[in-house]
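Every number for a ligand or one of its atoms is a count from 1 in the order of the listing.
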Amino acid sequence: MFPAEVYKKRRQKLKELLPEGVILFPGNREVPYNYPANTYRFRQDSSFSYFFGLNEPDLAGIIDPENEREILFGNDVNLEDIIWMGPQPLLKEKAAAVGINETLNLSAFQDFIQKTLQAKRKIHYLPPYRSEILLFLHNIMGISPGEVVAGASTDLVKAVVSLRSIKDAYEIAEIEKMVNVAREMHITVMRLAKPGRKEAEIAGIIEGIALASGGASAYPVILSKHGEILHNHSHANILKAGDLLVTDAGAESELLYASDITRTVPVGGKFSARQKEIYEIVLAAENNTIDRIKPGKPHLEVHLAAARDIAHGLKEIGLMKGDVDEAVRAGAHALFFPHGLGHMLGMDVHDMEGLGEEFVGYDEETKRIQQFGTAYLRLGKKLRPGFVLTDEPGIYFIPALIDSWYSERKFEQFINYPRVLEYKDFGGIRIEDNLLVTETGCRVLGNPIPKTVIEIEEACRS
Ligand code: GLY
Ligand code: MN
């Protein structure tokens, strides 16, 4: 946990941004896996953790700016709990550790909320993304689940987004620590990516590294020779020489901060000439992005510049043709690069996505472009110092997408289909680092992870 002052300051800033009404943060509950007592690994709600710092189930927090009250609701354990869970600090002690003086039993929560409603005071809460929390809010507020969803507070969303978007030195250190755990995970993949190895074996080993760090994987490990499937969570294949293995894996710290790193490596340790050509295009887009990131620049512009790098590179090797700027304006590059260049990163791997991408990644000034590919860009707005984001361009040969576009001869003036059809068995390449926007540009977080062709081939040989 960070020092109590950190949480006090966060709540103080929230009160300044939202001086009226009562702000409610329900903490997460245990969620059953296959029967009630056998639960998934507990994951606290990120915003609850941001303001209240306590990563355990069955807590709720109230901030009442008008009456200068901050209350932690929870239960002290009884003897029976202690037999199963061991001794626990008192609720008062937990609250004190995050700078809160007032605690109440969870059983008083409904009464507190009902009295607040009777007093006709506005209750601000964030959009619930778990059915348990939706039902909890439905029960305590006495409104239908549909009304709970509709009643989430846009003012609170905007206030939380404005605070969580700018990372302080404590948060940056946490993320950076997790990039270094991810580094260990990826270097291990490089060592293990040998013909005959099962994807599942390697995925299990690197997930173990995340767990051994005291945290966990920040999201389900993507590790597949079918890297053209963007979020491929299957690990069913056995690797063979010549395969390209895409691993997108990061770690989450005990304080819930994430890293999100991708590397693509040649099984057997040597890129083929064809693989190297595509790899260098993605690498150039990734490195150019690091040079382009600056505060004040819309990330949408940086995304489109990376798309032009990709189209330019593909034109040079004969897979695209025509004017690069026109091709990207038309969206032809999205056959190969159908996702966004990057997203916010923090306590959630797609940071604050549950609060609404339009609030996190866009604003009045920068609107989402509704074109296939660029529409998936989660962060378009102007960058600010303190933002942490991913840089993750890729080139993929997705057989179903190639067939679909080819059947329509879509963007034939920009795509050299006879050549592209020869790449349907290629797979995909993605390279991803995590960046902190600084006053003058950006800084790549963590210790360097092998990234050039030579570095990766060397790491695969070791
Ligand atoms: N790490 C998966 C993603 O960024 O979508
Ligand atoms: Mn990512």
J.: Which ligand 1 atoms does Glu392 reach within 4.0 Å, using its non-hydrogen atoms?
T.: 4 (O)
J.: Answer yes or no for His343: is there an N/O/S atom below the 2.8 Å cut-off from the Mn ion (ligand 2)?
T.: yes
J.: Of all the N, O or S atoms in Glu432, which has the shortest distance to the Mn ion (ligand 2)?
T.: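 Closest to the Mn ion (ligand 2) among those atoms: OE2.
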J.: What do you reckon, are the aromatic ring centroids of Phe136 and His138 less than 6.0 Å apart?
T.: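 No, the ring of Phe136 stays outside the 6.0 Å limit from the ring of His138, centre to centre.
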J.: Starting from atom 3 (C) of ligand 1, locate the nearest protein heavy atom and write down its residue, its atom name and how far away it is, to 0.1 Å.
T.: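 Of the protein heavy atoms, His350 NE2, 3.1 Å lies nearest.
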J.: For a side-chain contact (heavy atoms from CB on, under 4.5 Å) with Asp243, tell me which candidate from Gln275, Lys225, His226, Glu199 qualifies.
T.: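 Answer after filtering Gln275, Lys225, His226, Glu199: Lys225.
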J.: Are Arg43 and Tyr40 in a cation-pi setup, meaning NZ or CZ lies under 6.0 angstrom from the ring centre and within 45 degrees of the ring axis?
T.: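 That pair does not qualify as a cation-pi contact.
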J.: Among His343, Glu432, Arg378, which one has a heavy atom closest to atom 4 (O) of ligand 1?
T.: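 Nearest heavy atom to atom 4 (O) of ligand 1 lies in His343.
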J.: Ring centroid separation for His350 and Tyr219, is it under 6.0 angstrom?
T.: no
J.: Quick one: nearest non-hydrogen protein atom to atom 1 (N) of ligand 1, plus distance?
T.: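 For this ligand atom, the closest protein heavy atom is Asp260 OD1, 2.9 Å.
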J.: Do Glu171 and Tyr257 get their side chains close enough for a donor-acceptor pair, meaning under 3.5 Å?
T.: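 The criterion, which ignores hydrogens and geometry beyond distance, is satisfied for Tyr257 and Glu171.
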J.: Any atom of ligand 1 sitting under 4.0 Å from a heavy atom of His339?
T.: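 Outside the 4.0 Å threshold, so no.
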J.: Which atom, counting only N, O or S, brings Asp260 closest to the Mn ion (ligand 2)?
T.: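 Atom name of the closest N, O or S in Asp260: OD2.
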J.: Roughly how far, to the nearest 0.5 Å, is the CZ atom of Phe52 from the CD atom of Gln44?
T.: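 It comes to 10.5 Å.
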J.: As a test of reading the structure, name the N/O/S atom of Glu392 that is nearest the Mn ion (ligand 2).
T.: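 Among the N, O or S atoms of Glu392, the one closest to the Mn ion (ligand 2) is OE2.
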J.: Kindly state whether the ring of Tyr279 and the ring of Phe271 have centres lying under 6.0 angstrom apart.
T.: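 Ring-ring flag for Tyr279/Phe271: true, centres closer than 6.0 Å.
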